[in-house]
Asker: 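One structure is given below, represented as structure tokens, and several questions about it will come after.
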Amino acid sequence: MRETFVRTATALLDDPRTTIVLADISAAAFAPAARRYPDRVLNVGIREQLMVGVAGGLALTGQRPIVHSYAPFLVERAYEQVKLDLDHQGVGAVLVSVGASYDRAAAGRTHLAPADVALIDTLRDWTVHVPGHSDEVPGLLRDAVCGQDSAYLRLSTQSNARAYPDAGDLRVLRDAGRGAPLLVAVGPVLDAALAAVAGLPVTVAYTHRPRPFDTAGLRALAGTEVILVEPYLAGTSARVVGAALADRPHRLLALGVGRDDLRRYGSAEDHTRWHGLDAAGLRRSVEGFLAAVPVAA
């Protein structure tokens, strides 16, 4: 996804309104673009807060900045600047992260950012894209850059086997019939989710755009049992799902990265297993949820 992003963002520099703002991360990959557009590929060094502040200033002049770094540096470290220099000023930028929740697990806690989407959720009217395949990245990035509002594009080393570029709204990939439990998978957890419910009477829908969430599609598909599988902090979208279904009885199982600090390094695959986001872990959670009998009021 990262290589696809670099190629697509470089091509978008043909539009003189586009500027790329970096804080050392991926600077080498953008070096050819910087030589061609030295005034519109800006590397501020390891100063992530400044990177976002520069983007806010560029946006105030009419530029469309693409701001890029690792997720914990881009969203968590520079959150105050995102809040003030973009959101409060009412200007738009496109934030593009790598690293996802625990892609760089071997680098330790400084490089883990499962709470990034939850933080973006505290801001106003942001679009959030979580592609599940590199082939979904170009269209999402082009649409975001050609827009005016702020967007967050969350890239990962994890990937599904197949791309679904048109899955902004919920796309049904497995239909178990009317009233069946609904599982919504976001981004690169789709393949594990599909494997987890093999043989179970569960409808599976996919999206790579959790914000704005396709609430109309959710209401059309959901029965009384909804399972949400997200590749970031568990429960991030529970508020949205709960509000969309507030007028009908339902049960919700929200799965994602847990809140425990595991205090381990390991690999991304290790963390997927530890957080129960592999197919076996998801299967255990789904079966337990479906087997539970609701307590009568």
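Position 1 is the first residue of the sequence; numbering continues from there.
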Asker: Decide if atom CG of D125 counts as having more than 12 heavy atoms of other residues, nucleotides or ligands within a radius under 6.0 Å.
Answerer: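 Not more than 12 within 6.0 Å, no.
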Asker: Can you sort out the partners of D261 under side chain to side chain contact (heavy atoms under 4.5 Å, CB included), two or more places apart, ordered by chain and number?
Answerer: R109, R263
Asker: Restricting to non-hydrogen atoms, name the atom on A234 and the atom on G256 that form the minimum distance, rounded to 0.1 Å.
Answerer: CB-N, 3.5 Å
Asker: Quick one: pull up CZ in R259 and CG in L233 and give me the separation to the nearest 0.5 Å.
Answerer: 4.5 Å
Asker: What's the shortest heavy-atom distance between D260 and H275, and which atoms?
Answerer: O-CE1, 4.5 Å
Asker: Would you say the side-chain atoms of T215 pair up with the backbone N or O of A244, donor to acceptor, closer than 3.5 Å?
Answerer: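 Flag not set: sc T215 to bb A244 has no pair under 3.5 Å.
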Asker: Taking a hydrophobic cluster as the set of Ile, Leu, Val, Met, Phe, Trp and Tyr residues connected by side-chain heavy atoms closer than 4.5 Å, whether directly or through intermediates, do L95 and L58 fall within one such cluster?
Answerer: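 Per the 4.5 Å side-chain linkage, L95 and L58 are co-clustered.
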Asker: Restricting to side chain to side chain donor-acceptor pair (under 3.5 Å), what partner residues turn up for Q49, sequence neighbours left out?
Answerer: none
Asker: Under a single-linkage definition using a 4.5 Å side-chain heavy-atom cutoff for Ile, Leu, Val, Met, Phe, Trp and Tyr, are V229 and Y206 assigned to the same hydrophobic cluster?
Answerer: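 Yes, V229 and Y206 fall within the same hydrophobic cluster.
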Asker: Do E225 and F289 have side chains that approach each other closer than 4.5 Å (heavy atoms only, starting at C-beta)?
Answerer: yes
Asker: Could you list the donor-acceptor pairs under 3.5 angstrom formed by side chains in residues 20-34, with sequence neighbours left out?
Answerer:
{"unit_1": "D24", "atom_1": "OD1", "unit_2": "N43", "atom_2": "ND2", "d": "3.0"}
{"unit_1": "S26", "atom_1": "OG", "unit_2": "R2", "atom_2": "NE", "d": "3.0"}
{"unit_1": "S26", "atom_1": "OG", "unit_2": "R2", "atom_2": "NH2", "d": "2.9"}
{"unit_1": "S26", "atom_1": "OG", "unit_2": "H68", "atom_2": "NE2", "d": "2.8"}

Asker: Pairs under 3.5 angstrom only: tabulate donor-acceptor contacts from the side chains of residues 184-203 to other protein residues two or more places apart or in another chain.
Answerer:
{"unit_1": "D191", "atom_1": "OD2", "unit_2": "A161", "atom_2": "N", "d": "2.6"}
{"unit_1": "T203", "atom_1": "OG1", "unit_2": "A176", "atom_2": "N", "d": "2.9"}

Asker: Do any pairs count as a side-chain hydrogen bond (donor to acceptor under 3.5 Å, both in side chains) and have a residue in residues 91-100, sequence neighbours left out, and if so which ones?
Answerer: S97-Y152
Asker: Find the distance between CG (D175) and CG (L182) and round it off to the nearest 0.5 Å.
Answerer: 10.0 Å
Asker: If you compare all heavy atoms of S237 against all heavy atoms of L228, which two are closest, and at what distance to 0.1 Å?
Answerer: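 Distance-wise, the nearest heavy atoms are CB-CD2, 3.5 Å.
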Asker: For W274, what are the other residues in its hydrophobic cluster, where any two members join if their side-chain heavy atoms are less than 4.5 angstrom apart?
Answerer: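 Hydrophobic cluster check, W274: joined to L262.
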Asker: Report yes or no: does Q89 contribute a side-chain atom to a donor-acceptor pair with the main-chain N or O of L60 at less than 3.5 Å?
Answerer: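 No; zero donor-acceptor contacts below 3.5 Å.
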Asker: Going through the distances and angles, do H111 and Y70 end up as a ring pair (Phe, Tyr, Trp, His ring centres under 6.0 Å)?
Answerer: CA-CA 7 Å; H111 284 64; Y70 271 88; 5.5 Å; yes
Asker: Apply side-chain contact (heavy atoms from CB on, under 4.5 Å) to residues D103 and V98 and explain how you reach the verdict.
Answerer: CA-CA 8 Å; D103 284 357; V98 291; over 6 Å; no
Asker: Taking all non-hydrogen atoms of both residues into account, name the closest pair between L170 and D214 and its distance.
Answerer: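 Closest heavy-atom pair between L170 and D214: N-OD2, 2.9 Å.
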Asker: Does a side-chain heavy-atom distance below 4.5 Å link L290 with P181?
Answerer: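 Yes. Closest side-chain heavy atoms under 4.5 Å.
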Asker: Quick one, I66 and L153 - any side-chain contact, counting heavy atoms below 4.5 Å?
Answerer: no
Asker: Side chains of M1 and T157: closer than 4.5 Å at any heavy-atom pair?
Answerer: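 Result no, sub-4.5 Å side-chain heavy-atom pair not found.
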Asker: Between R40 and Y37 (side chain of the first, backbone of the second, donor and acceptor by atom type, cut-off under 3.5 Å), is there such a pair?
Answerer: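 Here the side-chain-to-backbone pair does not exist.
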Asker: May I ask you to decide if H133's main-chain N or O and R162's side chain share a donor-acceptor pair within less than 3.5 Å?
Answerer: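 No: the side chain of R162 does not pair with the backbone of H133.
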Asker: In this structure, would V204 and F213 fall into the same cluster of hydrophobic residues linked by side-chain contacts under 4.5 Å?
Answerer: no
Asker: Would the distance check show the side chain of Y164 and the main-chain N or O of L173 forming a donor-acceptor pair, the cut-off being under 3.5 Å?
Answerer: no
Asker: Does any part of the side chain of V130, heavy atoms only, come nearer than 4.5 Å to the side chain of E230, both counted from C-beta?
Answerer: no
Asker: Can you check whether P165's main-chain N or O pairs, donor with acceptor, with H208's side chain at less than 3.5 Å?
Answerer: yes
Asker: Would a hydrophobic clustering, with Ile, Leu, Val, Met, Phe, Trp and Tyr connected at side-chain separations under 4.5 Å, put V96 with V41?
Answerer: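 Looking at the clustering, V41 is in the same group as V96.
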Asker: Under the rule for salt bridge (charged side-chain N to carboxylate O under 4.0 Å, His left out), what residues qualify as partners of R284, not counting sequence neighbours?
Answerer: none
Asker: When you measure from the side chain of R209 to the backbone N and O of T127, does any donor-acceptor pair fall under 3.5 Å?
Answerer: no
Asker: When you measure from the side chain of R219 to the backbone N and O of L245, does any donor-acceptor pair fall under 3.5 Å?
Answerer: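 Answer holds: no.
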Asker: Could you work out, with side chain to side chain donor-acceptor pair (under 3.5 Å) as the rule, every residue matching T19, not counting sequence neighbours?
Answerer: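 Residues passing side chain to side chain donor-acceptor pair (under 3.5 Å) with T19: Q63.
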Asker: Where is the tightest heavy-atom contact between P114 and V257, given as atom of each residue plus distance?
Answerer: CB-CG1, 3.7 Å
Asker: Are the side chains of P131 and L155 in contact, using a 4.5 Å heavy-atom criterion?
Answerer: yes
Asker: Give me the atom names and distance for the closest heavy-atom approach of L221 to A205.
Answerer: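 For L221 versus A205, the nearest heavy atoms are CD1-CB, 4.1 Å.
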Asker: Starting at CG of L123, measure out to CG of D87 and round the result to the nearest 0.5 Å.
Answerer: 4.5 Å
Asker: Under the side chain to side chain donor-acceptor pair (under 3.5 Å) test, which residues partner R273, sequence neighbours left out?
Answerer: D270
Asker: Using atom types as modelled, flag every donor-acceptor pair under 3.5 Å from a side chain in residues 72-85 to any protein atom, sequence neighbours excluded.
Answerer:
{"unit_1": "R77", "atom_1": "NH1", "unit_2": "E48", "atom_2": "OE1", "d": "3.1"}
{"unit_1": "Y79", "atom_1": "OH", "unit_2": "T122", "atom_2": "OG1", "d": "2.7"}

Asker: Mind checking what makes side chain to side chain donor-acceptor pair (under 3.5 Å) contact with R7, not counting sequence neighbours?
Answerer: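 Partners of R7 under the side chain to side chain donor-acceptor pair (under 3.5 Å) test: T4.
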Asker: Please determine if D15 and R64 form a salt bridge, counting it only when a charged side-chain N lies under 4.0 Å from a carboxylate O.
Answerer: no
Asker: Do S69 and M51 make a side-chain contact, defined as non-hydrogen atoms from C-beta onward lying under 4.5 Å apart?
Answerer: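 Sidechains of M51 and S69: in contact.
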Asker: Is there any salt bridge (charged side-chain N to carboxylate O under 4.0 Å, His left out) pair reaching into residues 129-154, and which pairs are they, with sequence neighbours excluded?
Answerer: D116-R154
Asker: Treating Ile, Leu, Val, Met, Phe, Trp and Tyr as nodes and any side-chain heavy-atom pair under 4.5 angstrom as an edge, say whether L86 and L42 lie in one connected cluster.
Answerer: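 Same cluster.
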